[in-house]
Amino acid sequence: QVQLVESGGGLVQAGGSLRLSCAASGRTFSSYVMGWFRQAPGKEREFVSAISWSGGTTYYADSVKGRFTISRDNAKNTVYLQMNSLKPEDTAVYYCAMRSSYYPARSSYEYDYWGQGTQVTVSS
């Protein structure tokens with residue numbers, strides 16, 4: 001089994017920054033894609049960002065492009081999401097996910113494992 005654990009969420013004022021981490025443990029794969037999704041109250045889960053195994057390919061939702069940066073450290077089996085210039089609209093539970101592939105994807109259906117989520121709240 002694979003376990004994904006998110007951390008780094010919290011309360012921040014608009015314009016501030018947070019850095020989320022997601023650590024994978026258990027029987028991980030030699031190569032895998034990591035992604036971030038979020039779900040706000042009353043909303044569907046939406047794609048935020050994803051990164052290839054090598055880190056050479058990244059995807060971002062238009063709503064976060066230019067503000068968020070995804071990165072990974074394969075030696076630590078960890079993916080990060082640096083979130084800058086946060087807006088109240090970014091308030092959501094953020095989930096990390098793993099895909100058993102070299103290549104990233106934007107659809108939640110492409111991912112095999114999910115973390116429990118970490119709350120991010122941005123106040124005005």
Side-chain angles (χ1 to χ4, degrees):
Q1 297 85 7
V2 174
Q3 289 190 136
L4 304 177
V5 180
E6 303 97 335
S7 62
L11 175 65
V12 65
Q13 291 185 340
S17 298
L18 285 174
R19 184 175 183 253
L20 305 183
S21 299
C22 176
S25 62
R27 191 174 177 83
T28 57
F29 302 98
S30 298
S31 60
Y32 54 92
V33 168
M34 297 294 291
W36 288 96
F37 294 78
R38 67 186 183 186
Q39 188 166 22
K43 303 290 185 180
E44 298 291 328
R45 185 173 298 184
E46 66 174 343
F47 170 78
V48 176
S49 186
I51 187 168
S52 64
W53 175 81
S54 68
T57 302
T58 56
Y59 292 162
Y60 295 96
D62 289 342
S63 59
V64 307
K65 194 173 297 183
R67 300 188 296 120
F68 291 9
T69 303
I70 191 170
S71 61
R72 68 187 296 167
D73 185 340
N74 289 345
K76 298 179 179 179
N77 287 332
T78 300
V79 64
Y80 306 94
L81 185 68
Q82 179 66 46
M83 305 185 295
N84 298 327
S85 301
L86 283 163
K87 305 175 181 179
E89 303 92 274
D90 296 317
T91 295
V93 176
Y94 283 70
Y95 300 89
C96 69
M98 177 187 289
R99 182 190 183 201
S100 300
S101 173
Y102 286 97
Y103 309 106
R106 295 179 176 88
S107 173
S108 62
Y109 296 104
E110 300 286 350
Y111 291 82
D112 304 301
Y113 303 97
W114 294 84
Q116 292 298 109
T118 185
Q119 177 71 48
V120 172
T121 303
V122 184
S123 62
S124 300

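Of the candidates L86, T118, V122, L18 forms a side chain to side chain contact (heavy atoms under 4.5 Å, CB included) with just one, namely L86.
The heavy-atom pair separating Y113 from S100 by the smallest distance is CE1-OG, 4.4 Å. Of all the heavy atoms in A92 and A40, the pair that sits closest is CB-N, 3.7 Å.
Between Y102 and W53, the angle of the ring planes goes over 60°, which puts this pair in the perpendicular group of the 30/60° scheme.
The OG atom of S52 sits 11.0 Å away from atom CZ of R99, with the distance rounded to the nearest 0.5 Å. Interatomic distance, OH of Y32 versus OH of Y111, reported as 13.0 Å (0.5 Å rounding). Note that CZ of F68 and OG of S17 are 9.5 Å apart. Values are rounded to the nearest 0.5 Å. Going from atom OG of S7 over to atom CZ of R19 covers 9.0 Å, rounded to the nearest 0.5 Å. Interatomic distance, W114 CH2 to S108 OG, rounded to the nearest 0.5 Å: 5.0 Å. Separating the CD atom in Q119 from the OG1 atom in T91 is a distance of 7.5 Å, to the nearest 0.5 Å.
For the pair S85 (side chain) and G15 (backbone), a donor-acceptor distance under 3.5 Å is absent. The backbone N or O of T69 sits nowhere less than 3.5 Å from a side-chain atom of Q82 that would complete a donor-acceptor pair. Checked by atom type and distance alone, the side chain of Q116 never pairs as donor or acceptor with a backbone atom of E6 at under 3.5 Å.
A chain of hydrophobic side-chain contacts below 4.5 Å, direct or via other Ile, Leu, Val, Met, Phe, Trp or Tyr residues, connects Y94 to L4. Hydrophobic clustering places M98 together with V79 (ILVMFWY residues linked when any side-chain heavy atoms are closer than 4.5 Å, directly or through intermediates). Hydrophobic clustering, with ILVMFWY side chains joined whenever heavy atoms are under 4.5 angstrom apart, groups V2 together with M34. Taken together through direct or relayed side-chain contacts under 4.5 Å among Ile, Leu, Val, Met, Phe, Trp and Tyr, V12 and V64 form part of one hydrophobic cluster. Two different hydrophobic clusters hold V93 and I70 under the rule that ILVMFWY side chains link at heavy-atom gaps under 4.5 Å.
Scored by the ring pair (Phe, Tyr, Trp, His ring centres under 6.0 Å) test, F47 finds F37 as partners (sequence neighbours excluded). Checked against side chain to side chain contact (heavy atoms under 4.5 Å, CB included), S71 has the following partners two or more places apart in sequence or in another chain: Y80.
Under the 4.0 Å criterion applied to side-chain N and carboxylate O atoms, K87 and D90 are not assigned as salt-bridge partners.
Within the 4.5 Å cutoff, the side chain of L20 has heavy atoms near those of the M83 side chain.
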Carefully, step by step, assess S21 and K76 under the rule side-chain contact (heavy atoms from CB on, under 4.5 Å).
CA-CA 11 Å; S21 299; K76 298 179 179 179; over 6 Å; no
